[in-house]
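Taking it in order: structure first as structure tokens, then the write-up.
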Amino acid sequence: MNNHANKCIECSVSSCAHHCGGENYCSLDKIRVGTHECNPTMDQCTDCLSFRKK
């Protein structure tokens, strides 16, 4: 696991393996965002496809 906080990617999902502990940042250099909807209309329709459970 990389503990380097990427200050360009804010994240509060502490159950993700890429989350930087006490800091609300992701440790990845980039993330992949996708959707689970055919025609997304709200932010709740999007997902971080880079998520990995701790």
Side-chain angles (χ1 to χ4, degrees):
M1 182 172 102
N2 180 4
N3 288 324
H4 171 74
N6 182 340
K7 302 290 184 171
C8 294
I9 305 174
E10 292 184 26
C11 179
S12 61
V13 183
S14 59
S15 60
C16 181
H18 305 298
H19 188 262
C20 286
E23 297 183 76
N24 280 331
Y25 293 101
C26 181
S27 65
L28 295 175
D29 292 331
K30 64 179 181 177
I31 61 168
R32 185 167 172 234
V33 177
T35 183
H36 56 271
E37 301 284 336
C38 294
N39 185 23
T41 58
M42 301 183 301
D43 59 344
Q44 293 90 343
C45 300
T46 60
D47 305 295
C48 178
L49 300 178
S50 301
F51 173 83
R52 296 291 175 261
K53 185 164 173 51
K54 275 189 184 175

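Each residue takes its place number in the sequence, starting with 1.
The distance from the CD atom of Glu10 to the SG atom of Cys26 is 11.5 Å, given to the nearest 0.5 Å. Separating the OG atom in Ser14 from the NZ atom in Lys54 is a distance of 6.0 Å, to the nearest 0.5 Å.
The nearest pair of heavy atoms linking Ser50 to Ile31 is OG-CA, 3.3 Å. Annotation for His4 and Cys20: closest pair O-SG, 3.6 Å, computed over non-hydrogen atoms. For the pair Glu37 and Thr35, the tightest heavy-atom approach, listed with the atom from each and the gap, is N-OG1, 3.1 Å.
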Task: From CA spacing to verdict: side chain to side chain contact (heavy atoms under 4.5 Å, CB included), His19, Asn24 - done: CA-CA 7 Å; His19 188 262; Asn24 280 331; 3.4 Å; yes

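Shown here is Lys7, whose NZ atom has more than 12 heavy atoms of other residues, nucleotides or ligands within 6.0 Å.
Results of the side-chain contact (heavy atoms from CB on, under 4.5 Å) test with His18 over Leu28, Val13, Ile9, Asn6 single out Leu28 as the only residue that passes.
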